[in-house]
Undergrad: 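What follows is a single structure, and I will ask about it in a moment.
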Amino acid sequence: QVQLAESGGGSVLPGGSLRLSCTASEDTYRQKCMGWFRQAPGMEREGVAAIYTSGDKILYADSVKGRFTISQDKTKNTIFLQMNSLQPEDTAMYYCAVSSYCPTPLSARVVTYWGQGTQVTVSS
């Protein structure tokens with residue numbers, strides 16, 4: 001089973017930035033997609049961004065385009081989510097995920113493994 005270790009969540013003022021990291025176990029090479037989802041209380045889990053591990057093809061939810069950047073360090077089985085211009089609407093638990101492909105739109109139904117989640121809170 002792939003283990004996903006997340007970090008980087010926290011509390012930030014509107015307009016602030018956070019950088020999330022997710023490191024997977026060595027077997028991540030068998031997966032073709034890694035990404036980030038988020039879920040706020042009472043809301044469905046939604047896809048935020050995803051990246052194809054082989055070719056760096058990237059997908060973003062429309063709500064975060066231009067503000068969030070997903071990247072990866074393939075040698076370390078690690079993905080990152082740089083979140084800039086954070087807004088209160090971005091407040092959620094953020095989950096790292098892996099799957100065999102990156103669907104459009106991003107769907108939690110295809111996720112094979114989940115991280116434990118890291119809380120992001122944006123408030124004044």
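Values reported hereafter were calculated over all heavy atoms of this structure, with side chains retained and with hydrogens, waters and symmetry mates removed.
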Undergrad: Tyr95 pairs by side chain to side chain contact (heavy atoms under 4.5 Å, CB included) with which of Arg45, Gln116, Arg38?
TA: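 With Tyr95 as partner, Arg45, Gln116, Arg38 yield a single side chain to side chain contact (heavy atoms under 4.5 Å, CB included), made by Arg45.
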Undergrad: Is there a donor-acceptor pair under 3.5 Å between the side chain of Ser25 and the backbone N or O of Gln3?
TA: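 The answer is yes, because a donor-acceptor pair under 3.5 Å joins these two groups.
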Undergrad: Check whether any side-chain heavy atom of Ser100 lies under 4.5 Å from a side-chain heavy atom of Lys32, and answer yes or no.
TA: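 Of all side-chain heavy-atom pairs linking Lys32 with Ser100, none is under 4.5 Å.
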Undergrad: Given Val48, which partner from the list Asp90, Val64, Leu20 fulfils the side chain to side chain contact (heavy atoms under 4.5 Å, CB included) test?
TA: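 For Val48, the side chain to side chain contact (heavy atoms under 4.5 Å, CB included) test succeeds with only one of Asp90, Val64, Leu20, which is Val64.
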Undergrad: To the nearest 0.5 Å, tell me how far Arg19 CZ sits from Met83 CE.
TA: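 Reported value, rounded in 0.5 Å steps: 11.0 Å.
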Undergrad: Let me know which of Leu18, Asn84, Leu86 forms a side chain to side chain contact (heavy atoms under 4.5 Å, CB included) with Phe68.
TA: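 For Phe68, the side chain to side chain contact (heavy atoms under 4.5 Å, CB included) test succeeds with only one of Leu18, Asn84, Leu86, which is Leu86.
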Undergrad: Applying the side chain to side chain contact (heavy atoms under 4.5 Å, CB included) criterion to Ile51, which one of Leu59, Leu81, Ile70 satisfies it?
TA: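 That would be Ile70.
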Undergrad: Indicate yes or no: at least one non-hydrogen side-chain atom of Phe80 is less than 4.5 angstrom from one of Asp73.
TA: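 Yes, close enough: below the 4.5 Å cut-off.
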Undergrad: Apply side chain to side chain contact (heavy atoms under 4.5 Å, CB included) to Ser123 and Thr91, showing your working.
TA: CA-CA 8 Å; Ser123 66; Thr91 296; 5.8 Å; no
Undergrad: If we ignore hydrogens and angles and just use 3.5 Å, is the side chain of Glu6 paired with the main-chain N or O of Gly117 as donor and acceptor?
TA: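 Confirmed, Glu6 side chain pairs with Gly117 backbone.
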Undergrad: Looking at Tyr101 and Ser99, what are the two nearest heavy atoms and their distance?
TA: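 Between these two residues, the closest heavy atoms are O-OG, 2.7 Å.
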Undergrad: Can you see which heavy atom on Ala50 is nearest to which on Cys33, and at what distance?
TA: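 So the two residues come closest at CB-SG, 3.8 Å.
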Undergrad: Between Tyr60 and Leu106, is the side chain to side chain contact (heavy atoms under 4.5 Å, CB included) condition met? List the steps.
TA: CA-CA 8 Å; Tyr60 292 106; Leu106 295 173; over 6 Å; no
Undergrad: Under a 4.5 Å side-chain heavy-atom rule over Ile, Leu, Val, Met, Phe, Trp and Tyr, are Val98 and Ile58 clustered together?
TA: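 Yes, Val98 connects to Ile58 through the hydrophobic network.
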Undergrad: Tell me the closest heavy-atom pair linking Gln82 and Ser17, and the distance in Å.
TA: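 Minimum heavy-atom separation between Gln82 and Ser17: NE2-CB, 3.9 Å.
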Undergrad: Could you report the tightest heavy-atom contact between Ser54 and Lys74, atom names first, then the distance?
TA: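 Closest heavy-atom pair between Ser54 and Lys74: O-NZ, 2.9 Å.
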Undergrad: Quick one: do Gln1 and Tyr113 satisfy side chain to side chain contact (heavy atoms under 4.5 Å, CB included)? Show the steps, please.
TA: CA-CA 8 Å; Gln1 182 175 348; Tyr113 301 105; 3.2 Å; yes
Undergrad: For the backbone of Tyr52 and the side chain of Gln72, can you confirm whether one donor and one acceptor N or O come within less than 3.5 Å of each other?
TA: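 Such a contact is found between Gln72 side chain and Tyr52 backbone.
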Undergrad: Anything under 30° is parallel, anything over 60° is perpendicular, the rest tilted; go ahead and classify Phe37 against Trp114.
TA: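 Answer is perpendicular, since the angle exceeds 60°.
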Undergrad: Which heavy atom of Val111 sits nearest to which heavy atom of Ala97, and what is that distance?
TA: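 That would be CG1-CB, 3.6 Å.
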Undergrad: Within the supplied structure, the quantity of interest is the number of heavy atoms (other residues, nucleotides, ligands) at a distance under 6.0 Å from Lys57 NZ; does it exceed 12?
TA: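 No, NZ of Lys57 has 12 or fewer neighbouring heavy atoms, counting only those of other groups under 6.0 Å.
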Undergrad: Looking just at side-chain N and O atoms, do Thr78 and Thr23 make a donor-acceptor pair shorter than 3.5 Å?
TA: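 Distance-only check passes for Thr78 and Thr23.
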Undergrad: Looking only at heavy atoms, which two atoms of Leu4 and Ala24 are closest? And how far apart?
TA: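 Closest approach of Leu4 to Ala24: CD2-CB, 3.4 Å.
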